[in-house]
Novice: 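Quick one: this structure, given as structure tokens, is what I'll be asking you about.
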Amino acid sequence: MQGEDGGEDGSKPATPGELARDGIGLGADQGEDWSEGAVHRGRLRVRTLVTLRWLVVAGETALLLVAAGMGFSLPFFLCFAVVGAGIWVNLLTGVASPGQRVFGDREAGAQLGIDILQISTLIFLTGGSSNPFVLLLIAPVTLAAATLPLRPVLTLAAMASVISAVLAIVSLPLPQSPGMEVVIPLSFRVAAALANIAGIALTAGYVRQAAVESARMALALDVTQAVLAREQRLSALGALAAAAAHELGTPLATISIVAKELGREAPTPAVKEDAELLVSQAERCREILRRLTETPDAAADVVHERLSLRQLVQEVIEPHGGVKGVRVEAIVTGAKGMKTPDIRRLPEITHAFTSFVENAVDFAKSEILVSARFDAETISMEVRDDGPGFSAEVLSKLGEPYVTTRPGAEGSRTGHIGMGLGFFIAKTLLERTGALVTFQNGRPHGAVVSARWPRSKIEAGAM
């Protein structure tokens, strides 16, 4: 049990392709490549870019008006022309496209490239890299890092960095007030450009890393919700069975009447005995249906919503009992003198431990043990295999999304190709039931996955 991945239903975890076919939408490929593209594609809306541009244009206009009021020497005509060009581009963008439309990757990259050119032109006219507002070049790259795939982000970062370097050498003088003369040495301008390039790299890097983790976590949680929804649909089959049983009341009544008539007119004692047996069995069925219809909540709990700890363990191992080369065994133990408890049928628990067992099947040498223990306060379950155990690298990340070392289909007993979501989904579902989930290596070898609950969290009420 070295890697991780898991499944989708109570019988056998589903593959990523099955998840996609069921509408969960994991992406086309497996691993880091698909997740990079999936979480950053199509996230920059027209309204967002237009709003941010108005803020930048308003700031540029305010700075130029302040400079004019203080008597600074500036090519104001050219500066206001550049600001006007920015306003015109923003108006054209806002009018040409609905605010809710999402930019394509290339279009978004081009739009942010225009912003970099507009800002850098204004900086060129106002002192180049010696102008402290050169840091505005960081803004478009940071927005790209939060919303676009890696390639356009790198392109825009390189563009802004080259422009910062050029502005250290080529630009108009820094604006000065009347009677004041300031000489900016080249070394300072170069140092300012290097600082701006470092700011572009670090800020964009921080934002991108945070955006990647946030988007991947959100995507993984969406998958978890979809898995739970499917498990709940399977669990709801019990309620559907109860409804079907309700419809059986009429034919059972007919069977009872006909059986009684047969009993009264029976030609031999043997036939009469058979007719009486039919009547008694029909009455027994009607009594069961009466409980389902008169007290559906209590009946659902008795018939479907509870199971013994032994039944749960058997349900978990049943899909994997026929795997060649691996023996899957189960054991239930408890405190001396205590009766094995019944627990609520929670699809989260069934799915999670089925996933753990499937993962163990791919890594075990020959044996997997699924055990359940109980005492007066707690109920716990554990999956233990005799494989190589978790590597140190995987063990430190278990429970996070997109972590897997599962072998490919040709090297897997189950034929399952992992996406690294199984343990994340299982851990999330178990924690929702109130479990404390732990992953560790066994002694002298093997992997151990366990969950422990307070009895009050999952134990079924008294019948």
Side-chain angles (χ1 to χ4, degrees), residues 1-7 13 16 19 26-27 29-36 38-40 150 202 205-225 227 348-349 351-365 367-371 380-408 411-414 416-453:
M1 189 186 295
Q2 240 179 354
E4 65 154 293
D5 226 35
L19 287 169
L26 296 180
D29 303 313
Q30 291 135 357
E32 182 68 19
D33 291 340
W34 75 260
S35 63
E36 276 288 304
V39 299
H40 284 99
L150 186 59
L202 291 175
Y206 276 122
V207 169
R208 181 168 185 80
Q209 184 63 26
V212 166
E213 292 301 322
S214 176
R216 291 170 67 192
M217 185 65 71
L219 184 61
L221 288 172
D222 287 343
V223 175
T224 304
Q225 286 294 120
V227 169
E348 296 94 327
I349 298 177
H351 171 82
F353 274 90
T354 303
S355 300
F356 292 150
V357 174
E358 186 200 37
N359 188 82
V361 166
D362 276 337
F363 292 95
K365 292 181 180 178
E367 186 176 35
I368 298 169
L369 177 63
V370 180
S371 59
S380 62
M381 287 185 65
E382 178 183 280
V383 177
R384 180 185 296 267
D385 65 57
D386 61 352
F390 299 116
S391 67
E393 180 183 2
V394 168
L395 187 59
S396 65
K397 297 179 181 179
L398 277 180
E400 298 178 10
Y402 314 110
V403 178
T404 184
T405 58
R406 182 188 289 271
S412 167
R413 292 190 179 101
T414 62
H416 184 82
I417 301 176
M419 297 184 71
L421 287 174
F423 274 26
F424 170 79
I425 292 173
K427 182 173 182 289
T428 301
L429 293 179
L430 289 174
E431 288 176 344
R432 289 186 178 184
T433 67
L436 175 63
V437 185
T438 58
F439 309 108
Q440 62 187 20
N441 285 321
R443 296 181 181 179
H445 50 71
V448 181
V449 179
S450 61
R452 186 174 74 252
W453 298 264

Novice: Nearest heavy-atom pair of D386 and K365: which atoms, and what distance?
Specialist: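 In terms of heavy atoms, the two residues are closest at OD1-N, 2.9 Å.
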Novice: Rounded to the nearest 0.5 Å, what separates atom CZ in F423 from atom CG in L430?
Specialist: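 Answer for the CZ-CG pair, F423 versus L430, is 11.0 Å.
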Novice: So, taking the atom named CG in D385 and the one named CG in L369, what distance separates them when rounded to the nearest 0.5 Å?
Specialist: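 Taking CG in D385 and CG in L369, the distance rounds to 10.5 Å.
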Novice: Could you tell me which non-hydrogen atom of V437 sits nearest to which non-hydrogen atom of E431, and how far apart they are?
Specialist: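 The answer is CG2-CG, 4.3 Å.
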Novice: What distance do F353 atom CZ and E382 atom CD have between them, rounded to the nearest 0.5 Å?
Specialist: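 Spacing of CZ (F353) from CD (E382) equals 9.0 Å.
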Novice: Would you list the atom pairs, donor with acceptor, under 3.5 Å between side chains in residues 444-453 and any protein atom, with sequence neighbours excluded?
Specialist:
unit_1, atom_1, unit_2, atom_2, d
S450, OG, T438, OG1, 2.6
W453, NE1, T433, OG1, 2.8

